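Data first, discussion second: the structure below is written as structure tokens.
On a predicted model such as this, the values are computed, not experimentally measured, just so you know. Reminder, nothing fancy here: chain letters follow the sequence lines and each chain counts from 1.
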Protein chains: 2
Amino acid sequence: MEVKRTQAQRTAATRAALVVAARPLFAEHGYAAISTDQIARAAGVTRGALYHQFAGKEELFAAVVEQVEEEIQARIAAEIEAAAPTDVDAMIGANIDAFLAACAEPEVHRIALIEAPAALGWERWREICFRYGVGNVERVLQSLIDAGLVADQPVRPLAHVVAGALDEAALYAARAGDREAAVEEARGALRALIPGLLTR
Amino acid sequence: MEVKRTQAQRTAATRAALVVAARPLFAEHGYAAISTDQIARAAGVTRGALYHQFAGKEELFAAVVEQVEEEIQARIAAEIEAAAPTDVDAMIGANIDAFLAACAEPEVHRIALIEAPAALGWERWREICFRYGVGNVERVLQSLIDAGLVADQPVRPLAHVVAGALDEAALYAARAGDREAAVEEARGALRALIPGLLTR
DNA sequence: CAACTTACGGACAGGTTGTATGGAAGTCAA
DNA sequence: TTGACTTCCATACAACCTGTCCGTAAGTTG
């Protein structure tokens, strides 16, 4: 029927279709192995539309990364709230579990942790991570420092290092043959490492 | 003069020239942004030689990664030996310092930590890391466990997680504006996190 | 409703990877 | 030494991919 659509709606629909179509393709084959033509065709538009809506392939990928980060951030927040941890150890554990669960699918870990740093450049990747993952870690650490549970120190570098450990654990868990066992191992390693920050 | 060279010498010379030429190019511009033609020209050969010696661009890059890993491994071992740490804390600190120093140049951290996972795929990257960096971490951790200084637990996942923290710290330090200060911050964060594994 | 802006499709130019082909360099047996 | 044989390398070629240009359609505004 082709109802009359406003420009904003057309733009939103096209951008959304491209991002939605690109995401699983990037997740399965990687940034370099997927062509803009494949994405456009999967989205039901042409490359012309893609290049009108995004400055280029990299910008489209950035939009996908942004969407993924936003999503896992929301998932983690929801899981933490559901767990409603009472003491510090439970809170740290809940954060670890939520992060590992959120990174389980390739759409998350492959895009956000493997492809993004190389495709967008580390600086840009770090900037995005800082607004989501690392930023969250930093907030948690800061609250622990404020509560006197972690020794006072510069939070930013500590947040990066802890986030690095979390990222690697997520990849270890997600990419293993026996997923269940690997998640358990990764959880164990993180629970051995991170609570070591607590003052006792 | 063009002395007569044996086939093995020709092969070795060509492969070495390609790897040596490719390394700084990949380090500065990244894997995707450098063409096989640029590499071949920088090496003083043609793409024909490149494709005769390596199965493709990716295999050449893998050779570069391998060389970088081997080199930093040697550097770290030498620095540890030079430091000759006596107690556990000093040993851990020496490992941290040596790793951060080894990753300072882009030729190391950009190639081995940023480009390699995406270009070679995480599985292959992990396999290489395991023969070098992660493997080394695992050996150190195992010795600590054997000595009763770290709680008994599966070493492999712990080694991955610790290596992830080290990698992120190296990137944080290497990519910062004020290098000196960032190295100090990264070192501080690692020294706050890793010794937390020690039983007290 | 007419001028204007925005969204999009198709075609083109430049550059990239990998392969195929022919010749040069080295090896080995007689 | 020589002649067959293998290895090494350079050039030419085909397929593909990105980004841009231009024309057209859809929507907006005075």
Query raised in the report: Salt bridge or not for Arg139(A) and Asp146(A), using N-O below 4.0 Å?
Result: no
Query raised in the report: Roughly, in whole Å, what's the span from CD in Glu58(A) to C1' in dC17(D)?
Result: 16 Å
Query raised in the report: Which whole-number value in Å describes the distance from His52(B) NE2 to dG23(C) P?
Result: 18 Å
Query raised in the report: So do Leu120(B) and Tyr31(B) actually touch side chain to side chain, heavy atoms under 4.5 Å?
Result: no
Query - Main-chain N/O of Glu123(A) paired with Arg175(B) side-chain donor or acceptor, under 3.5 Å - result: no
Query raised in the report: OP1 or OP2 of dT28(D) less than 4.0 angstrom from a side-chain nitrogen or oxygen of Thr6(A), does that happen here?
Result: yes
Query - Heavy-atom donor-acceptor pair, Arg47(A) side-chain to dG19(D) base, under 3.5 Å - result: yes
Report summary line: Rounded to whole Å, the CD-C1' distance (Gln53(B) to dC9(D)) equals 9 Å
**Report entry** N-O pairing of Arg75(B) and Glu107(B) below 4.0 Å
**Finding:** no
Every protein N/O lying under 3.5 Å from an N/O of nucleotides 24-26 of chain D:
from, atom 1, to, atom 2, distance (Å)
dA26(D), O3', Arg10(A), NH1, 3.4

Query raised in the report: Has Arg110(A) got its NZ or CZ under 6.0 Å from the middle of the six-membered ring of Phe26(A), at an angle within 45 degrees of the ring axis?
Result: no
Requested in this report: Please state how far atom CG in Leu50(B) lies from atom P in dT16(C), giving the value in whole angstrom units.
Outcome: 14 Å
Report task. Give a yes/no answer on whether the side chain of Thr14(A) brings an N or O atom under 4.0 Å of OP1 or OP2 in dC8(C). Result -> yes
Report task. Check whether any side-chain heavy atom of Leu144(A) lies under 4.5 Å from a side-chain heavy atom of Met91(A), and answer yes or no. Result -> yes
Requested in this report: Indicate yes or no: does Glu127(A) engage Arg124(A) in a salt bridge with an N to O separation below 4.0 Å.
Outcome: no
Query raised in the report: Taking side chain as C-beta onward, heavy atoms only, is Asp167(A) less than 4.5 Å from Asp167(B)?
Result: no
Report task. Within residues 15-46 of chain B, find the residues that approach DNA chain D with a heavy atom at under 4.0 Å, and present them sorted by residue number. Result -> Val45(B), Thr46(B)
Query - Atom-pair distance (CZ on Phe54(A); P on dT20(D)), nearest Å - result: 16 Å
Requested in this report: Answer yes or no: is there an ion pair linking Arg131(B) with Glu69(B), defined by an N-O contact shorter than 4.0 Å?
Outcome: no
Query raised in the report: Taking OH from Tyr51(B) and C1' from dT7(D), how many angstroms apart are they, rounded to a whole number?
Result: 20 Å
